[in-house]
Every structure is written in C-alpha cells, then in structure tokens.
Amino acid sequence: MNARRVYIWGLPRSQIPFHPPNHTTTTTRLASMAALAGDVARYWLAEHPAIVGFRWSPSGGLWFSTWVSLLCFLAAYVALCLSLDAFLAALRRKRPLPLGPLPSAHALLMATVSAAIFMGTILSVVAEIRDTRWSWRGRSRTTPLRWLLCFPPGTRSSGRVFFWSYAYYLSRYLHAARGLFAVLRRRRGASARVFAHAAAVAMAFLWLEFSQSFQVLAILASTLAHAVAFGFRFWVGAGLPAARAARGAPVALACQVGLLGCNLACHAGVAWMHFGGAVAGGCSGIGAWVFNTLLNAALLWVFLHCYGKRGVCDDDGKKEL
C-alpha cells in the first residue's frame with residue numbers, strides 16, 4: 001500500500017508532513033468494537049437480571065407452566081390437526097392447499113429463534129461453569145462435561161441455563177405449526193408428524209418440571225440443527241440466489257441424522273453415569289429421562305418410517321428436504 005501524504009494549503013512540497021497509514025489504530029478499534037459487542041451479547045443473553053434470577057414455577061406467572069395448560073394444548077392441537085386431516089380426506093382433496101409465503105416466513109422465524117437460544121445457552125453454560133467451578137474442587141469428581149450430562153440430585157430449575165430451557169420449551173409451540181402445515185399440504189404421514197411435535201412439547205416441559213439431566217446438550221444440538229435446517233428451508237422457499245442449485249441438498253436430513261446421533265450419545269452417557277455408578281447419588285430427573293427415552297425411541301421410529309419412504313413426511317412439500 002502506498003504511503004498517504006497530507007497536503008496542507010500554503011506549504012511548499014518539501015515541507016509537507018508525512019503520515020504513514022496507522023494499521024495498529026484500525027486493528028485496535030476493530031478489537032474494541034468486537035469486545036464491546038461481546039460484552040453486550042453476554043449481558044443480554046447471560047447476565048441480565050431476568051435471566052440470572054429465572055425460576056421455573058407453575059405459580060410464577062410463566063406461560064404454559066402448568067400441567068393443565070400443557071394437556072389442554074396437546075389435546076386441542078392433536079384434535080385440530082386430526083380433524084382437519086379427516087375433513088380434507090372426506091372432501092377427497094389430495095392437492096396441497098396454497099399457503100403462500102407462510103412456510104418460508106415461519107422457517108425464518110424458527111431459524112432466528114433457534115440461533116438466539118443456541119447463543120444464549122452457550123453463553124449461559126460458560127457463565128454457570130465459571131461461577132460454580134469452585135464448588136466442584138475437592139468435594140466431588142464433577143467436571144463440566146459430567147455436569148452437562150448429569151445434574152446433581154436436588155437440582156432446581158432456576159438460573160441462566162433453565163431460562164433458555166424455558167425459551168426452548170416455548171419455541172416448541174411455535175415449531176408445532178409444522179405439523180399443521182403438513183396436514184394442509186396433504187403430506188403423507190402427516191399424522192405421525194403431528195404426534196412427533198406434540199411429543200417434543202411434552203419432553204421440553206418435562207425437562208423443566210423435573211430438572212432433567214442432559215437437557216443442555218440436547219438444547220444445543222437441537223437449536224443448532226434447527227437454525228441450519230430452517231435457515232436452508234427459508235433460503236430455498238424464498239428463492240434466494242443459488243436456491244435452485246441447492247434445492248436437492250439433503251440439509252434437513254443431515255441435520256436430523258446428526259441430532260438423533262447426538263441424542264443417542266447423550267442418553268448413553270446419562271445411563272452410564274446414573275446406572276453405572278460413575279456419579280455418586282445418580283442424576284437429577286431420571287424418571288423423566290426414562291420417559292424421554294421412550295419418546296425419543298418413538299420419534300426415531302417416525303423418522304425411519306418417514307424417510308424410509310423417500311422423505312414423504314417432509315412438511316415443506318419437497319421430497320428432497
């Protein structure tokens with residue numbers, strides 16, 4: 001890069017001061033801006049009083065925090081979807097109903113929400129490990145990885161991590177709209193997709209209600225997979241540049257396979273720590289974990305049933321995804 005000269009009016013050319021480019025100043029400014037952005041993100045995603053002081057309580061005024069609200073939603077959701085499916089079948093309508101840009105807008109919203117929950121959970125995990133690491137020394141063999149897989153017995157659903165678990169739980173209600181889309185677009189296997197979304201809502205509720213172990217890793221894996229998959233669906237659905245070439249890429253399938261593999265590994269780790277005696281006293285919420293394992297097995301069956309028929313369960317109406 002050529003040196004920059006500053007010309008000052010009235011001075012002869014020989015007396016013009018020479019100012020070389022100051023790359024250090026530019027780098028320092030960029031570093032300061034990045035540090036400031038990181039501090040802002042950490043405050044709003046991990047250090048805000050509402051996040052640090054969060055507490056899961058059915059009587060705390062939180063949305064959908066009671067068994068009654070959960071069961072009412074599940075009953076209404078399943079009844080609505082199945083009734084709508086039966087009504088469309090009675091009309092002998094096999095062509096999908098036009099939904100316009102609604103699926104793409106929903107995909108963008110899900111990708112944004114999933115990315116925010118992923119970042120918030122990451123920052124909260126780092127903050128929790130930083131604040132509680134001192135209590136692990138000399139008292140137990142707990143490590144950050146074991147804490148992520150196996151909460152100690154008596155753990156309460158409060159603090160940063162459970163705030164984002166609650167946010168993830170609320171996002172399952174938003175995600176359940178995909179089951180309705182599958183019904184309206186007359187996808188084969190739509191009923192199985194509806195029950196899968198209902199099971200996901202129930203599982204997220206159990207995580208909070210019983211402080212279930214391994215939920216942090218499950219949330220991280222799920223939100224990362226959803227951010228990628230829904231971002232890709234929005235890209236294709238909105239017809240953005242290179243969308244036509246990327247339409248056949250099995251991005252959603254790859255994300256689901258990776259998510260199932262991560263869940264399987266986490267379940268194996270929890271079973272080893274609780275039943276194998278690797279952690280004294282066992283893990284928190286093991287009863288809910290057993291029920292969660294059964295639901296995950298059912299979801300695995302739905303996945304194999306769907307993609308064993310070449311992707312007929314996809315709710316976007318595209319077999320490639």
Side-chain angles (χ1 to χ4, degrees), residues 41 44-45 63-64 73-74 76-85 87-88 93-121 164 166-201 204 219-256 258-259 302-303 306 311-321:
W44 287 106
L45 298 178
W63 291 357
F64 302 106
F73 169 80
L74 294 180
Y77 172 71
V78 173
L80 173 64
C81 292
L82 296 185
S83 299
L84 184 59
D85 187 46
F87 176 73
L88 294 176
R93 183 181 181 90
K94 296 182 179 180
R95 299 183 61 182
L97 294 176
L99 299 179
L102 185 59
S104 297
H106 182 269
L108 176 61
L109 180 59
M110 280 300 306
T112 304
V113 170
S114 298
I117 296 175
F118 177 81
M119 290 301 302
T121 305
W164 290 109
Y166 175 62
Y168 177 81
Y169 165 60
L170 294 180
S171 72
R172 295 309 88 196
Y173 290 93
L174 181 63
H175 191 207
R178 307 303 291 191
L180 184 60
F181 293 164
V183 172
L184 294 176
R185 305 192 75 163
R186 310 304 298 145
R187 306 310 304 164
R188 294 176 57 188
S191 298
R193 179 59 59 90
V194 169
F195 282 106
H197 286 300
V201 175
I219 291 173
L220 289 175
S222 179
T223 51
L224 178 60
H226 288 156
V228 175
F230 281 110
F232 178 78
R233 283 173 173 171
F234 168 73
W235 188 276
V236 172
L240 297 177
R244 184 179 298 275
R247 183 177 294 271
V251 174
L253 176 60
C255 290
Q256 291 186 8
L259 181 58
V302 171
F303 172 79
C306 289
V312 296
C313 280
D314 181 71
D315 48 8
D316 284 342
K318 306 179 184 63
K319 291 184 178 181
E320 294 83 4
L321 295 181

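On a predicted model such as this, the values are computed, not experimentally measured, just so you know.
Side-chain contact between Leu97 and Arg185 is absent, with no heavy atoms from C-beta onward closer than 4.5 Å. Looking only at side-chain heavy atoms (C-beta outward), His106 and Leu174 come within less than 4.5 Å of each other. Using a 4.5 Å heavy-atom threshold, the side chains of Leu170 and Val113 count as separate. Under the 4.5 Å side-chain criterion, counting only non-hydrogen atoms from C-beta, Ile117 is in contact with Ile219. Between Asp85 and Arg186, the closest side-chain pair of non-hydrogen atoms falls below 4.5 Å.
For the atom pair CE of Met119 and OG of Ser114, the computed distance is 13.5 Å after rounding to the nearest 0.5 Å. In this structure, the separation between CG on Leu82 and CZ on Phe87 is 15.0 Å, given to the nearest 0.5 Å. The OG atom of Ser171 sits 5.5 Å away from the CE atom of Met110 when rounded to the nearest 0.5 Å. Atom OH of Tyr77 sits about 10.0 Å away from atom CZ of Phe195, to the nearest 0.5 Å. Atom CG of Leu109 is separated from atom OG of Ser104 by 12.5 Å, given to the nearest 0.5 angstrom.
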Q: Start with the C-alpha gap between Tyr173 and Phe64, add the side-chain angles, then the distance that decides, and say whether ring-ring contact (aromatic ring centres under 6.0 Å, His included) holds.
A: CA-CA 10 Å; Tyr173 290 93; Phe64 302 106; 4.3 Å; yes

Q: Any chance you could lay out the side-chain contact (heavy atoms from CB on, under 4.5 Å) test for His175 and His197, step after step, and finish with the verdict?
A: CA-CA 7 Å; His175 191 207; His197 286 300; 3.6 Å; yes

Q | Test log, rule side-chain contact (heavy atoms from CB on, under 4.5 Å), inputs Leu224 and Leu259 | A | CA-CA 9 Å; Leu224 178 60; Leu259 181 58; over 6 Å; no

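Because its NZ or CZ atom is both nearer than 6.0 Å to the ring centre of Tyr168 and within 45° of the ring axis, Arg172 counts as a cation-pi partner of that residue. Geometrically, Arg233 engages Phe230 in a cation-pi contact defined by less than 6.0 Å to the ring centre and at most 45° from the axis.
In terms of heavy atoms, Val78 sits closest to Val194 at CA-CG1, 4.3 Å. Among all heavy-atom pairs drawn from Cys255 and Ala225, the shortest one is SG-O, 3.7 Å. Between Phe118 and Leu220, the closest heavy-atom pair is CD1-O, 3.5 Å. Considering every non-hydrogen atom in both Val183 and Cys81, the closest pair reads CG1-O, 3.8 Å. Annotation for Ala111 and Ala227: closest pair CB-O, 3.9 Å, computed over non-hydrogen atoms.
Judged by distance alone, the side chain of Trp164 and the main-chain N or O of Ala116 form no donor-acceptor pair under 3.5 Å.
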